[in-house]
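In what follows, a structure is listed as C-alpha cells, so that the remarks can point back to it.
Values below: every heavy atom of this structure, side chains too, minus hydrogens, waters and symmetry copies. Bear in mind that the values here come from a model prediction, so they are computed numbers and not experimental data. Each ligand, and each atom within it, is numbered from 1 in the order the structure gives.
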Amino acid sequence: MSNRNETVPQHIVLAFSGGLDTSVALVWLKERYRCRLTAFIADLGQGEELGVAARKAEKLGADEVRVVDLREEFARDFAFPMYRANALYEGQYLMGSSIGRPLIAAAHLRVAEEVGADAVAHGATGKGNDQIRFEMTFAALRPDLTVISPWREWEFASRSDLLDYAGKHGIELDLSSGDRPYSIDSNLLHTSYEGEALEDPAQPAPEGLLFRVRDLADTPAEPETVEIHFEGGNPVGVNGESLSAAGVLQALDEIGRRHGIGRLDIVENRIFGMKTRNIYEAPSGTLLWHGHRAVESLVLDPEVAQLKEELMPKYTALVYRGLWFAPERLMLQTAIDFSQQNVTGDAILRVHRGTVQVIGRRSPHSRYDTAFATFEADDVFDQRDSSGWLRVNTVRFRAGRGTAPVQP
Ligand code: ARG
C-alpha cells in the first residue's frame with residue numbers, strides 16, 4: 001500500500017475501465033486483500049458499451065458495480081475551464097487525458113464515501129502520468145484515505161506479465177486493436193493511443209489502429225463550415241443550435257471525425273522525465289481551441305491577451321502534472337476566468353481534409369475598431385503622432401555611442 005496506513009482494507013473501490021490493467025487489478029486485489037470490492041466505472045463519453053464493462057467487473061468478482069455518468073461535469077467543470085486558458089502542452093497536446101483524471105479521481109472519492117469504503121485503488125502504471133493525477137487528487141481532497149496502486153505492489157513487471165495472468169485467470173480481453181492491447185484512453189475530448197507497436201517512434205501507426213477520426217483519404221471532398229457560439233468563454237452551441245456542455249463536445253466531435261480533424265503523432269516528455277510516443281485524436285478539442293481563440297482575438301484587451309499567453313504554459317504544466325485541485329491552479333483559473341467576461345460571440349471555422357481554418361469571427365463586445373484599423377483615411381489616429389513615439393523609443397539607439405550590437 002502506498003500510504004503510511006498499514007491497516008488491512010475492509011472495502012476497496014477500484015476505478016475500472018474493462019481494459020487489461022484494471023481487469024487484472026480487480027482479480028489481483030480480490031485475491032490479495034479478500035475484502036469487499038466495488039468497481040467504479042466513470043462515463044466520460046468514451047462511447048464504449050459501459051454495460052459490457054459493468055458485466056465484466058461483476059464476472060471478475062466485484063461485489064458491487066457503480067457506473068457514474070460524468071459527461072456534463074467533465075465538459076462544464078473540467079474541459080471548458082481548461083479551454084478558457086487555451087492550454088496546450090509542449091505546443092501540441094490538448095491534454096484530453098490529463099483533464100479527465102482529476103474528475104475520475106474526484107468521482108471515485110464520492111463513490112468511496114457513498115459505499116463507506118476505506119481504500120481506493122487504480123490501475124495506472126508506476127511509470128506514468130495517470131497515477132500522479134489520480135493520487136494528487138486523492139491527496140488534495142481526501143488525504144486520510146488509503147490508496148492502493150497495484151502496479152507498484154504486485155510481482156508483474158510488464159504488460160506481457162499481465163497478459164499471462166489474464167490468460168491463467170480466464171480474464172477475457174478485447175483485442176480488436178491487434179493481438180495485444182494498446183494503452184488507449186477515450187473520452188468526449190479525445191482518444192489517446194500508446195504502447196505496443198507505437199513504442200518505436202520511427203514507425204507510423206499500424207494500419208487500422210486509429211479508430212476515431214477518418215483517414216484523410218476517406219474525408220469528404222467538400223469543405224464544411226462550422227459556427228461555434230460562445231458565452232463568457234464557454235461554448236454554448238454549434239451551427240445555431242443551443243447545446244448542453246457535453247452536447248457541444250459531441251456535436252464538434254461528429255463534425256471533426258468526419259473531416260479527419262485533430263490527429264496528432266508526437267513524442268512528449270512525461271512528468272518523470274522519460275519520453276513517450278503518443279498518438280492523439282482530438283476532433284472536438286481542436287475545433288474548440290481554434291474557435292475560442294478566434295472570439296478572444298476580438299474582445300480581449302491587448303495586454304490581457306498577452307498576459308494570458310504568458311500564463312498558459314504555467315497553467316498547462318499544472319494540469320499535465322495532476323495539480324488540478326492545487327491552490328495555484330485555482331489562482332490562475334480565477335485570473336483567466338476574469339478575462340472571459342466578454343468572450344461572447346461566434347467563431348466561423350472551415351474544416352476540410354484534416355485542416356481547420358478560422359474564416360470569420362463576431363462578437364457584441366468586439367474591440368475591433370475599423371476607424372483605427374483601416375488603411376483608408378480616418379479621424380481617430382493622427383499618423384504624425386507616431387513620429388513622437390518613435391523619437392522617444394529610439395533614444396537608446398541615438399544617445400551617446402548607441403547600442404550597436406557587438407558580435408559575441
Ligand atoms: N500521455 C498522455 C498524458 O499523459 C496520455 C495518457 C493516456 N493514458 C492512458 N492510460 N493511455 O496525458
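Checked against a 3.5 angstrom limit, the closest N/O atoms of Ser97 and ligand 1 fall outside it. Checked against a 3.5 angstrom limit, the closest N/O atoms of Tyr280 and ligand 1 fall inside it.
Ring geometry for Trp28 against Trp154 counts as perpendicular: the plane angle is over 60°, on a 0 to 90° scale with 30° as the lower cut. Ring geometry for Phe372 versus Phe381: interplanar angle over 60°, hence perpendicular rather than tilted (30 to 60°).
Atoms of ligand 1 lying under 4.0 Å from any heavy atom of Asn278, numbered from 1 in the order shown and given with element: 1 (N), 2 (C), 5 (C). Remark: ligand 1 atoms within the under-4.0 Å shell around heavy atoms of Arg101 are 8 (N), 9 (C), 10 (N). Within the listing of ligand 1, atoms 3 (C), 4 (O) sit less than 4.0 angstrom from a heavy atom of Asn129. Each of the atoms 3 (C), 4 (O), 12 (O) of ligand 1 lies under 4.0 Å from some heavy atom of Arg133. The atoms of ligand 1 that sit less than 4.0 Å from any heavy atom of Glu194 are 6 (C), 7 (C), 11 (N). Within the listing of ligand 1, atoms 5 (C), 7 (C), 11 (N) sit less than 4.0 angstrom from a heavy atom of Ser192. Below 4.0 Å from some heavy atom of Ser98 lie the following atoms of ligand 1, by number and element: 12 (O).
Taking a 4.0 Å cut-off on heavy atoms, Tyr320 registers as neighbouring ligand 1.
In this structure, atom 12 (O) of ligand 1 lies nearest to the protein heavy atom Tyr93 OH, 2.6 Å. Atom 8 (N) of ligand 1 has Asp130 OD2, 2.9 Å as its closest protein atom, hydrogens excluded (heavy atom only). At the top of the distance list for atom 11 (N) of ligand 1, counting protein heavy atoms only, stands Ser183 OG, 2.9 Å. Nearest to atom 1 (N) of ligand 1 among the protein's heavy atoms is Glu268 OE2, 2.8 Å.
Residues Thr219 and Arg353 bring a donor and an acceptor atom of their side chains to less than 3.5 Å of each other. A donor and an acceptor atom, one from each side chain of Arg71 and Gln250, are nowhere located under 3.5 Å apart.
Of the listed residues (Ile99, Thr137, Leu318), just one forms a side chain to side chain contact (heavy atoms under 4.5 Å, CB included) with Trp324, and that residue is Ile99. Among the candidates Leu264, Ile266, Leu210, the single residue satisfying the side chain to side chain contact (heavy atoms under 4.5 Å, CB included) test with Ile279 is Leu210. With Val343 as the partner, the side chain to side chain contact (heavy atoms under 4.5 Å, CB included) test is satisfied by one option alone out of His365, Arg84, His292, Glu231: His292.
For the pair Arg36 (side chain) and His11 (backbone), a donor-acceptor distance under 3.5 Å is absent.
For Arg270 and Tyr320, the positive end is not near the middle of the six-membered ring at less than 6.0 Å and at most 45° from its axis.
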